[in-house]
Amino acid sequence: MSTLSVFVVILNVILALLFSLGLAPILVWVERRVAGLIQDRLGPNRCHIKGIRLGGLVQSLADMLKLVFKEDFQAKAIQENFCFSLAPVIVFVSAFLSFMVIPFADDLIINGERFIMQGLPTDLGILWFLALAGLSVYGIMLGGWASRSKYSLLGAMRAGAQVISYEAAMGLSVVSLLITYGSIHLGDIVAYQGELLFGFIPAWGIIVQPIAAIIFIVTAFAEANRTPFDLAEGESEIVGGYHTEYSAMRFGLFFVGEYVAMSASSALIVTLFLGGYHLPYLNTQTLQTTMPYVLGFIILTLPLGSFYAMRWIKKHNRWYLKSDVRNTESAVLQKGLIGLNILVIAGLGALLYLGLTPTSTNVATAVIQVLTFAAKLFLMNFVFVWVRWTLPRFRYDQLQTLGWKVLMPLAIANIVISAIIIVVKGL
Amino acid sequence: MGIKVVKRHGNTLKEKLYLPAIFGGMKTTLSHFITNLSDKPHISTILYPEEQPHDISERYRGVHRLTKRDDESVRCVACFMCATACPAECIFIEAEERTDGVDEKMPKRFDIDLLECVFCGACVEACPCDAIRMDSGIFSFIGKKREDFVLTKEQLLANKEKKQ
Amino acid sequence: MMDILFLLLGSFAILGAIGMVGFHQPVHSALSLILTILALAGLFALLSASFLFMVQIIIYAGAILTLFIFIIMFLNVKEANLPKEPTKNITLFLGSLALLPFNFLILRAFYQMPLHVNSVESDFGKIKPLGMELFTQWLLPFELISILLLVALIGAVVLGRKDEA
């Protein structure tokens, strides 16, 4: 193993960590702020470190600190100490591991060496995700059972039944996708989506397989236990569901695990249906051939975008009292943005001026693709949050009816139809 | 008896598909989100401790106050009407004889326990002399001990009417 | 490295199996069964049968045992209502003693088998060659098994249905 390959592997693991763990506090913030704005409120906005609020993001840090230092209370009735402690770990680890097979960028080629840009360099792809989604339910069921509380047990039962029934529909919708893409390796699936359909539409999964996309997205909401399928923690009926008896960091693991699972689901949706790391109309090859133009475009648009962002920040990032330290934030942000602009433009300009070598083109491609993937992931997470604050919760029998009587037959029909089309067209 | 047949909703194909309704709802929430990010947000949240509420009306029932006569002496005649009307029994009055010739009786002690008070305004309604009012406009009363929340006659006299 | 992994996974599988028989609580038994199944999946992965590895986890650990645990939790038998098994340990010991000659037979058969030492092809155990094999050479057994599963499914539905009185 050369130092380069070690470096790339470490980089991939760090990217996976950032996209799952690093995104969790940001997602908590997004959830609370978006909920506030949707309901005509403000959401958390006071917490600050020397005036830096970042729109309330600091609140997430404060909440995390609170969770770590809280008393880890455990009811006396809980005798299954091992199971009780193991449950949140299972939820967290399986959510985190399912992130490991998502490709962040196309295979990176440096000096003739080929690196797969995902956390674990395996081509198990979607099977890995399905397996870990199945395992994560053990955490919920074990936690609910070990809590020895009726609410927890009810929540765990609901979660178990829900995940089992929706896993069937999810697996079947994936089968029709696999028939279309002809591979289970997520890298191949994304490469397929880089092509154009009829010469002008990007062949994204949501266009090629719209029914599978709808089924998969609905079941992904159910697998991640998000509204409208969050019956497992229906607070109006069963208090907190399976994590009623948990506190402090053990609850924190459940909490973070939920967001990591949501992020992993979004990553898979992006990879399967929204073109993965591809920009529309720019697959890896065209991106590499038009790299100078793309870099030039970035150099031109970055200052413009920063200007409008700064104008928005100056208009909205105000505190009621003039003398408050929070009012100094805009100036700090402005300096940061200007510095970032100078750095990026100088770097890209130097790259263009010195001329692009194959290696630097490949690295630039990978960076752009990782950023594209991050942006798509963030948008999909936003959709998860957005849906949560729009839709009410399903009733339990409606949930099972939808899973077994609607989604499942639809998925099977979709498999048959796509198989027929594939065979007839001889693809 | 006439029977009114109510038309049931949810049987057309469009309604059974759920998705149009879901997208409709998502459109509504997104429009709220975008409006609130724009230059003219519809957010009426105030930054409370720094920014005080500005919609406290004339009739808002805040902390009580004892009114005064023209000569700045207490108007209350210790008739116990308010203490009798009080559903929470939070008014404690001790009467004494008034010697300055303005009236015959006045309270020696007039305590209101704000921790027991339910701010119903029955005392104000019951008072025959207009001696107790709740128009001070104080909506947030802070203390560090239980004893702090028992307002004495002097404190009640010191509360001023909120200027509109 | 492979040997250490094999020993670890093997001992986990055996420990899980022992726990599955030995534990008193049904949930604990089911959990040790999960341990066994996961260890077996790891052994498949060591044999570079990656598809079997995933299927073992998805089907057995992810679906079947979830149902087991679901049912056990659903019944939620109280500690006092569990059957008393005072002679369990002796029964287990005697049972394993009785199976010992059988073990020797298996070991003997195992040592008589020719050893495969030639390395497997690069796409061994992957989903594509496996699917090709299943749908060309073993098509009839595959379809027959599917029909068997379908029959079992319909049978379960028919048996489980309430009588319409």
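All values below were derived from every heavy atom in this structure, side-chain atoms included, with hydrogens, water molecules and symmetry-related copies excluded. A quick note: this is a predicted structure, and the numbers were derived from the prediction, not measured. Numbered from 1 within each chain, the chains take letters A, B, ... in sequence-line order.
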Part of B:Ile34 within contact of chain A (heavy atom distance under 4.5 Å): neither
Closest contact, heavy atoms only, A:Leu42 versus B:Leu47: CD1-CD2, 4.1 Å
A:Lys314, NZ atom: more than 12 neighbouring heavy atoms under 6.0 Å: no
A:Asp40 to B:His32 - nearest heavy-atom pair and separation: OD1-ND1, 3.2 Å
More than 12 heavy atoms from other groups under 6.0 Å of CD on B:Glu89: no
Distance-only polar pair, side chains of B:Thr29 and A:Trp386, donor-acceptor under 3.5 Å: yes
OH (A:Tyr396) with more than 12 external heavy atoms under 6.0 Å: yes
Geometric class of the A:Phe382/B:Phe33 ring pair [parallel <30°, tilted 30-60°, perpendicular >60°]: tilted
Within 6.0 angstrom of B:Glu116 CD, more than 12 heavy atoms from elsewhere: yes
Verdict with reasoning, A:Arg41 to B:Ile43, per side chain to side chain contact (heavy atoms under 4.5 Å, CB included): CA-CA 6 Å; A:Arg41 299 183 282 115; B:Ile43 298 170; 5.6 Å; no
Proximity breakdown for B:Leu19 and chain A, heavy-atom pairs closer than 4.5 Å: side chain
A:Leu391 versus chain B, the contacting section by heavy-atom distance below 4.5 Å: side chain
Heavy-atom check, side chain of B:Thr35 versus side chain of A:Leu37, under 4.5 Å: no
Minimum side-chain heavy-atom gap A:Lys315-B:Ser38 below 4.5 Å: no
Atom NZ of B:Lys68: over 12 foreign heavy atoms under 6.0 Å: yes
Engaged part of A:Val34 at the chain B interface, taking heavy atoms whose separation is under 4.5 Å: both
